[in-house]
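Each chain gets a letter, A, B and so on, in the order its sequence line appears, and its residues count up from 1.
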Amino acid sequence: MIQIELKDGSVREYEKGATVLDVAKSISGRLGRETIVGKLNGKIVDVRYPINENGTLELLSFDDEEGKRTFWHSASHLMAQAIKRLWPEAQLTIGPAVENGFYYDIDLDHTFTPEDFSKIEKEMTKIVKEAPPITRWIATREEALEWAEKEGETYKTEMIENLPEDEPISFYGQGEWQDLCAGPHILNPSMIKASKIMSLAGAYWHGDADNKMLQRVYGIAFPKKSMLDEYLKLLEEAKKRDHRKLGKELDLFSMHEEGPGFPFFHPKGMVLRNQLETFWREKHQQSGYVEIKTPIMLSAELWKQSGHWDNYRDNMYFSEIDEQEFAVKPMNCPGAMLIYKSNPHSYRDFPLRMAELGQVHRHELSGALHGLMRVRSFVQDDAHLFMTFDQIQDEIVGVIQLADYFYKTFGFEYSVELSTKPEKAMGSDEDWEKATDALRNALEVTEIDYVLNPGDGAFYGPKIDFHLRDSIGRTWQCGTIQLDFQMPERFDLHYVGSDNAKHRPVVIHRTVLGSIERFMGILIEHFAGKFPLWLSPVQVQLITVSDAYNDFAQELAEKFIEKGIRVNIDDRVEKIGYKIREAQLLQIPYMLVIGEKEMTNQILTVRNRDTAAQNEYTVDEFLNKLTTNIENRTLELF
RNA sequence: GCUGAUGUGGCUCAAUUGGCAGAGCAGCUGAUUUGUAAUCAGCAGGUUGUAGGUUCAAGUCCUAUCAUCAGCUCCA
């Protein structure tokens with residue numbers, strides 16, 4: 001007999017060799033039905049896994065991350081089986097679960113069309129009805145290769161050949177179809193009560209653009225039909241907060257064919273932008289930064305010196321001035337280096353924090369452009385910090401805390417990645433190691449959770465990235481901290497130390513918002529256009545009941561303007577309901593109906609955008625509440 | 001850049017098998033002076049992304065090109 005400790009701390013006895021499923025069934029029928037995978041002593045195992053020794057076991061269902069992934073992985077098998085039935089010549093590659101569902105990459109001459117989706121879905125439903133039990137077995141390398149040969153699955157042959165010698169090669173099968181797969185999997189496709197093919201995309205084999213492009217079929221699946229409906233509804237909701245749609249509706253910015261990747265900011269978008277920048281300047285000044293501004297175009301010679309010419313030329317724009325080659329800056333660092341070099345520096349100046357809202361241009365691939373999120377020209381909220389080696393950790397910690405402060409002000413959740421040396425990089429392995437250690441230490445000091453992203457650093461140094469999430473769950477890099485030992489060498493920077501000798505300073509590049517454009521995109525989606533008061537393009541809408549009250553509204557407006565409130569008067573001859581509706585659609589925080597009652601009593605009737613509640617205030621009361629909320633950059637309206 | 005899809009008034013969308021480009025909203029004009037999410041009527045607005053081609057006839061079919069969307073790749 002063996003002893004299994006369960007999640008609730010209870011211990012149960014089983015025959016040696018009892019499977020995860022046996023355990024689940026023994027506890028309750030429901031657990032028996034819903035358990036998808038087990039976590040045995042911290043390791044994910046198939047429900048078919050026989051337990052041979054004492055240990056702790058967690059039973060995971062679709063509600064658990066690991067359970068969900070397994071479920072979706074099995075759904076991708078179901079889809080693959082359906083596709084193989086419909087197109088037997090299809091060659092299968094890989095079919096993993098992703099954040100929202102699963103995909104399978106398939107090599108097939110027939111190009112899938114959206115019309116094929118329903119065909120595939122129908123076949124999937126048929127298989128679900130057949131309910132073939134999913135079985136697992138281990139094959140030798142020879143058997144596995146034989147299978148791939150027989151099935152004509154050339155990609156699988158390649159995958160088998162690349163498997164490590166000592167790893168057991170497992171197969172999963174359902175009905176007439178088998179697949180090479182590490183698992184784990186659910187017991188039977190009949191557990192998949194609802195599934196839907198979502199979209200189609202091209203994807204390269206092994207993610208390498210030199211390889212053949214495969215067809216990637218995306219799908220989603222759930223153990224309950226109602227969950228699929230809910231998910232589809234959620235997607236609809238997310239579409240409504242797409243910053244491209246809201247940008248148009250709220251008249252914040254526009255994009256034009258004449259300038260692909262170059263956004264145009266409208267007056268209301270500029271209010272938002274300027275508020276952001278004002279906030280940014282205020283906080284940076286408080287945090288000991290000075291501000292600089294460097295030119296958009298600089299000599300090509302400078303970019304050769306900085307290393308951008310060798311490492312970043314494909315992404316740069318060039319032009320000629322007086323027969324000399326110039327480049328439009330893709331980054332702000334070389335300009336900042338020149339400013340540093342224009343004066344001698346002492347260790348007493350350090351740390352020197354030079355910030356720059358710098359407009360950069362980068363030639364991004366046309367297919368990569370995406371609203372404000374990925375553009376070809378954007379303003380980085382950049383800064384270059386110059387310091388001694390001893391100051392590195394404190395400075396990185398300082399930036400991490402600054403970034404945290406900014407994100408918290410907007411109520412963002414964020415994730416952090418540490419990226420290490422890429423293939424195309426300058427500098428010695430030793431320098432890279434030192435720099436990477438410094439970043440890692442700072443992360444550990446601040447006790448921030450992070451994931452490692454090997455090989456994804458900048459060409460001049462490793463980096464810490466801050467990622468924010470958009471409305472449909474895609475994450476975008478915003479803040480970044482990059483340690484750089486290269487620029488100081490290349491530009492021969494130095495400072496005089498306390499020993500009266502010349503030393504090389506260390507440089508940190510960093511952004512917090514990342515790009516103002518991208519950050520605005522994220523903000524729009526995060527708030528779904530309902531900006532907090534301090535960011536709202538129009539903060540107060542005065543709505544007159546009839547033109548008898550226009551003068552009074554005008555008087556009031558002047559009082560608001562005097563306090564710096566962004567106010568707008570709607571004195572059109574329209575019904576109140578009509579004017580309220582328009583202000584509401586523009587997400588204006590406060591709507592004030594101005595009529596007889598207000599004029600005679602000298603009182604304000606205030607409608608709140610979010611609650612639709614109506615409150616009465618005296619003018620001074622309301623003004624005080626407004627200014628306090630704005631000054632504190634409060635997220636909620638009052 | 002690659003794969004696939006999509007481009008019709010400012011916006012959202014119609015237009016049988018190729019057969020006279022249309023509606024709602026927004027805009028303008030007039031009437032309505034209105035109390036918390038749409039007052040009524042009239043008017044105007046388009047070389048159907050662009051350039052070619054097929055055809056008696058093209059929004060519709062073909063070719064090229066540009067842009068956008070989804071993903072890949074890349075990245076703030």
- Item | CA sep, side-chain torsions, deciding dist, call: A:Y590, A:F638, ring pair (Phe, Tyr, Trp, His ring centres under 6.0 Å) | CA-CA 10 Å; A:Y590 296 107; A:F638 54 87; 4.6 Å; yes
- Using distance alone, with no hydrogens and no angle criterion, decide if A:S377 and A:Q359 have a side-chain donor and acceptor under 3.5 Å apart. yes
- Task: Give A:E574 one of three labels, base, sugar-phosphate or nothing, depending on what nucleic acid heavy atoms sit under 4.0 Å from its own.
- Result: base
- Item | Mutual orientation of the aromatic rings belonging to A:F412 and A:H526 [parallel < 30°, tilted 30-60°, perpendicular > 60°] | tilted
- Message: Regarding A:Y204 and A:D105, do their side chains bring together a donor and an acceptor under 3.5 Å, going by distance alone?
- Response: no
- Using a cut-off of less than 4.0 Å, is there contact between a side-chain N or O of A:Y578 and OP1 or OP2 of B:A26? yes
- Item | Whole-Å P distance, B:U16 and B:A41 | 29 Å
- Query: Using a distance-only test with no angle check, is there a side-chain donor-acceptor pair under 3.5 angstrom linking A:T480 and A:Q482?
  - Reply: yes
- Spacing of the P atoms in B:A64 and B:G1 (rounded, Å): 16 Å
- Classify the side chain of A:E598 and the base of B:G35 as holding, or not holding, a donor-acceptor pair under 3.5 Å. yes
- What integer number of Å spans the P atoms of B:A14 and B:U8? 11 Å
- Query: Looking only at side chains, do A:K329 and A:T294 share a donor and an acceptor under 3.5 Å apart?
  - Reply: yes
- Task: Describe the nucleic acid contact of A:R374 in one word from base, sugar-phosphate, nothing, applying a heavy-atom distance below 4.0 Å.
- Result: base
- Item | Span that lies between the P atom of B:A76 and that of B:G59, in whole angstrom | 46 Å
- NA contact type, A:G595, heavy-atom cut-off 4.0 Å: base, sugar-phosphate, or nothing? base
- Query: Does B:U65 have a Watson-Crick or wobble partner in any strand here, with both distances under 3.5 angstrom, and which is it?
  - Reply: B:G49
- Query: B:A67, B:A76, B:G35: which one has an atom nearest the side-chain heavy atoms of A:T480?
  - Reply: B:A76
- Query: When the P atoms of B:U36 and B:U48 are considered, how many whole Å apart are they?
  - Reply: 47 Å
- Query: Under 4.0 Å: is that the gap between some side-chain N or O of A:H370 and OP1 or OP2 of B:A70?
  - Reply: yes
- Query: B:U36, B:A76, B:U68: which one has an atom nearest the side-chain heavy atoms of A:V593?
  - Reply: B:U36
- Note on the structure: In Watson-Crick or G-U wobble terms, with both distances under 3.5 Å, the base opposite B:A41 is B:U29
- For the pair A:F262 and A:Y317, name the ring-plane relationship: parallel under 30°, tilted 30 to 60°, perpendicular over 60°. tilted
- Starting at atom CZ of A:R376, determine the distance to atom C1' of B:U68, rounded to an integer number of angstrom. 13 Å
- Message: Counting the atoms with a prime plus P, OP1 and OP2 as sugar-phosphate, which does A:E596 contact under 4.0 Å by heavy atoms, base, sugar-phosphate, or nothing?
- Response: base
- Note on the structure: Testing B:U33, B:G27, B:G7 for proximity to the side chain of A:S546, the answer is B:U33
- Can you tell which of B:A76, B:C72, B:G35 lies closest to the side chain of A:Q482? B:A76
- Face-to-face contact A:F378 to B:A76 six-ring, under 5.5 Å, under 30°: yes
- Message: Can you check the distance between B:U12 and B:U17, where both ends of the measurement are the P atom (answer in whole Å)?
- Response: 26 Å
- Whole-Å distance separating the NZ atom of A:K240 from the P atom of B:U12: 16 Å
- Item | Proximity to the side chain of A:R581 - top-ranked nucleotide from B:A38, B:C74, B:A76 | B:A38
- Message: Using a 4.0 Å heavy-atom cut-off, does A:K245 contact any base of the nucleic acid, only the sugar-phosphate backbone, or nothing at all?
- Response: nothing
- Just checking A:E258: base, sugar-phosphate only, or nothing, at a heavy-atom cut-off of under 4.0 Å? nothing
- Task: Quote, to the nearest angstrom, the C1' distance that separates B:G9 from B:U65.
- Result: 24 Å
- Task: Compare side-chain N and O positions of A:R244 against OP1 and OP2 of B:A70 and report whether any pair is under 4.0 Å apart.
- Result: yes
- Note on the structure: Which of B:C74, B:A70, B:A37 is nearest the side chain of A:A368? It is B:C74
- Minimum-distance nucleotide (side-chain atoms of A:Y218 versus B:G71, B:U68, B:G1): B:G71
- Tell me the partner of B:U54, counting only Watson-Crick (N1-N3 plus N6-O4 or O6-N4) or G-U wobble (N1-O2 and O6-N3) with both under 3.5 Å; none if nothing fits. none
- Would you indicate, yes or no, if B:A37 has its OP1 or OP2 atom less than 4.0 angstrom from a side-chain nitrogen or oxygen of A:R607? yes
- Report which part of the nucleic acid A:V360 touches: base, sugar-phosphate, or nothing (heavy-atom distance under 4.0 Å, all strands). nothing
- Query: Taking C-beta and beyond as the side chain, do A:E616 and A:L604 meet within less than 4.5 Å on heavy atoms?
  - Reply: no
- Separation of atom CG in A:D547 from atom C1' in B:A31, rounded to whole Å: 14 Å
- Is the shortest side-chain N/O distance from A:Q477 to OP1 or OP2 of B:A76 below 4.0 Å? yes
- Query: A:H284 and ring-ring contact (aromatic ring centres under 6.0 Å, His included): which partner among A:Y289, A:Y405, A:F279?
  - Reply: A:Y289
- Pairwise 5' ranking along RNA chain B for A:H363 and A:T511, keeping only the more 5' one: A:H363
- Message: Measure CD/A:Q541 against P/B:G35 and give the value in whole Å, please.
- Response: 18 Å
- Query: Which of these nucleotides, B:U73, B:G35, B:C72, is closest to any side-chain atom of A:A203?
  - Reply: B:C72
- Note on the structure: The Watson-Crick or G-U wobble partner of B:G1, with both key distances under 3.5 Å, is B:C72
- Task: Compare side-chain N and O positions of A:S366 against OP1 and OP2 of B:G1 and report whether any pair is under 4.0 Å apart.
- Result: yes
- Task: Rounded off to whole Å, could you give me the CG-to-P distance for the A:L585 and B:U36 pair?
- Result: 17 Å
- Message: Could you tell me how far B:C62 sits from B:G18 if I compare only their P atoms? Round to whole Å.
- Response: 11 Å
- Which part of the nucleic acid does A:K579 contact within heavy-atom distance under 4.0 Å: base, sugar-phosphate only, or nothing? nothing
- Message: Any side-chain N or O of A:K248 below 4.0 angstrom from OP1/OP2 of B:G10?
- Response: no
- Task: Report the distance from atom CG of A:N315 to atom P of B:G1, rounded to the nearest whole Å.
- Result: 13 Å
- Counting heavy atoms from C-beta on, name the nucleotide in B:U36, B:U39, B:C72 closest to the side chain of A:R216. B:C72
- Message: Classify A:E582 by what it touches in the nucleic acid, base, sugar-phosphate, or nothing, heavy-atom distance under 4.0 Å.
- Response: nothing
- Note on the structure: Rounded to whole Å, OH of A:Y103 lies from P of B:C72 at a distance of 8 Å
- Task: State which of B:A76, B:U39, B:A67 makes the closest approach to the side chain of A:R362.
- Result: B:A76
- Task: Rounded off to whole Å, could you give me the CZ-to-C1' distance for the A:F412 and B:A76 pair?
- Result: 14 Å
- Query: For B:G35, which nucleotide is its Watson-Crick or G-U wobble mate, given both distances must be under 3.5 Å?
  - Reply: none
- Task: Determine the interplanar angle of the A:H77 and A:Y104 rings, folded into 0 to 90°, and report it as parallel if under 30°, tilted if 30 to 60°, perpendicular if over 60°.
- Result: tilted
